[in-house]
Undergrad: 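Input: one structure, supplied below.
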Amino acid sequence: MKIRETAKAHMATAVVLSAAFLFAGCGTDTSEEAAPDVVVEEISRNEILEIENDVTDNQKAPTESVNIYNDVLAQYSDMVQNDFYVNLRDSDTYESSFGEDIGLEIRTHKQNIYYAFYDIDGNGTMELIIAGGENGISNPSFSPWNYDLYGYDGTDVVHIFPEMEFGYRTNFSICDNGVIEVFYSGSAAESCVDFYKIGIDGFTPELIDSFTAVSHLEGDEPVFTYSQNGNEITEEEYNANIQGYAAALTALDWIQI
């Protein structure tokens, strides 16, 4: 069973920034009404080796393109099967119990874990997307929250964004034209949206556009300043330029670990 991903709303960093975030996010509808059809498939660690190629036609790839991620998926499977090692939380072995490829934020609380494959740059090698969500996936408005993105450098599996910890304040969406949108907040009064493409090597992210919205108070009223690649622009240009990027993917096939 699978969970179709819808575009995620940008995380609001403060009340004064909420209006700006309504327009951010690959130019997609972020309302609660944009609910995916929910079907769930639970898999065990042993079943990871029997990954179906039941993906959209333009996403099919050789089996080895997805099997390269078996070790990473096994790390997540161990974490899930061991209840996120909660029984070890007060011990010296707690941190070392998690696999070396598991990010810090996804392990903070027990939740459902999902994965999907997608060839973002179209080079024939799938990237691996890891997502999480609270229990209660029967809710029709459920959509998993991205936590990590992995690629392959020809020898090893690597994090596409090794310097970033995705979770609450920093997250990403994949647009349907090979663009990766990363959105984050530098502070309660600053939000940023960056767009990347994967380089010719198949795993290095290359920044192609960068947007910032900063607010300050003048009396009791918030005043916003918008910029693109360091150059000040109007609010209308900010919203239009971000929305100019292709819509976020809605056809990812999520499998629950």
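A quick note: this is a predicted structure, and the numbers were derived from the prediction, not measured.
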Undergrad: Hey, which of Phe161, Tyr147, Trp145 is the one that makes ring-ring contact (aromatic ring centres under 6.0 Å, His included) with Phe166?
TA: Phe161
Undergrad: Out of curiosity, Ile113 CD1 to Ile257 CD1, how far, rounded to the nearest 0.5 Å?
TA: 7.0 Å
Undergrad: Taking only residues at least two apart or on different chains, which pairs with a member in residues 80-106 satisfy salt bridge (charged side-chain N to carboxylate O under 4.0 Å, His left out)?
TA: Asp83-Lys110, Glu95-Arg107
Undergrad: Considering non-hydrogen atoms only, spot the tightest contact between Glu206 and Gly199 and give its length.
TA: OE2-CA, 3.4 Å
Undergrad: Classify the ring geometry of Tyr226 against Tyr238: parallel below 30°, tilted from 30° to 60°, perpendicular beyond 60°.
TA: tilted
Undergrad: Grab the two heavy atoms, one from Gly124 and one from Asp119, that are nearest each other, plus how far apart they are.
TA: N-OD2, 2.8 Å
Undergrad: Run the ring-ring contact (aromatic ring centres under 6.0 Å, His included) test against Tyr150 and tell me which residues pass, sequence neighbours left out.
TA: His159
Undergrad: So which atom in Glu127 and which in Ile160 form the shortest heavy-atom distance, rounded to 0.1 Å?
TA: CG-CD1, 4.5 Å
Undergrad: Give a yes or no answer on whether the side chain of Asp148 reaches the backbone of Ile130 with a donor-acceptor pair at less than 3.5 Å.
TA: no
Undergrad: Side-chain contact, heavy-atom cut-off 4.5 Å: Leu128 with Leu149?
TA: no
Undergrad: Between Gln75 and Asp71, do the side chains contain a donor N or O and an acceptor N or O under 3.5 Å apart?
TA: yes
Undergrad: Taking Glu165 for its side chain and Leu104 for its backbone only, find out whether a donor-acceptor pair lies under 3.5 Å.
TA: yes
Undergrad: If we only count heavy atoms from C-beta on, is the Ser191 to Phe211 side-chain gap below 4.5 Å?
TA: no
Undergrad: Judged by atom type as modelled, is there a donor-acceptor pair below 3.5 Å linking the side chain of Glu237 to the main-chain atoms of Thr234?
TA: yes
Undergrad: Checking Thr155 now: which residues fulfil side chain to side chain donor-acceptor pair (under 3.5 Å) with it, not counting sequence neighbours?
TA: none
Undergrad: Does some side-chain heavy atom of Lys197 sit less than 4.5 Å from a side-chain heavy atom of Ile180?
TA: no
Undergrad: Is there side-chain contact between Thr212 and Glu190, with heavy atoms separated by less than 4.5 Å?
TA: yes
Undergrad: Restricting to pairs with a member in residues 79-106, which pass ring-ring contact (aromatic ring centres under 6.0 Å, His included), not counting sequence neighbours?
TA: Tyr85-Phe98, Tyr94-Phe98
Undergrad: What residues, two or more places apart in sequence or in another chain, satisfy side chain to side chain contact (heavy atoms under 4.5 Å, CB included) together with Asp194?
TA: Tyr184, Tyr196, Leu207, Ser210
Undergrad: For Asp121, which residues count as a side chain to side chain donor-acceptor pair (under 3.5 Å) partner, sequence neighbours excluded?
TA: Asn123
Undergrad: Measure from the side-chain N and O atoms of Gln111 to the backbone N and O of Gly133, and report whether any donor-acceptor pair falls under 3.5 Å.
TA: yes
Undergrad: I need the Tyr245 OH to Cys175 SG distance, nearest 0.5 Å.
TA: 9.0 Å
Undergrad: Considering all heavy atoms of both residues, which atom of Asn171 and which atom of Gly167 are nearest to each other, and what is their separation?
TA: ND2-O, 3.1 Å
Undergrad: Hey, does the side chain of Ser227 reach the backbone of Gly230 with a donor-acceptor pair shorter than 3.5 angstrom?
TA: no
Undergrad: What I'd like to find out is whether the side chain of Phe117 reaches to under 4.5 Å of the side chain of Tyr69, using heavy atoms alone.
TA: yes
Undergrad: Just by modelled atom types, is the Ile120 backbone N or O under 3.5 Å from a matching donor or acceptor in the Tyr118 side chain?
TA: no
Undergrad: Report yes or no: does Ser77 contribute a side-chain atom to a donor-acceptor pair with the main-chain N or O of Ala74 at less than 3.5 Å?
TA: no
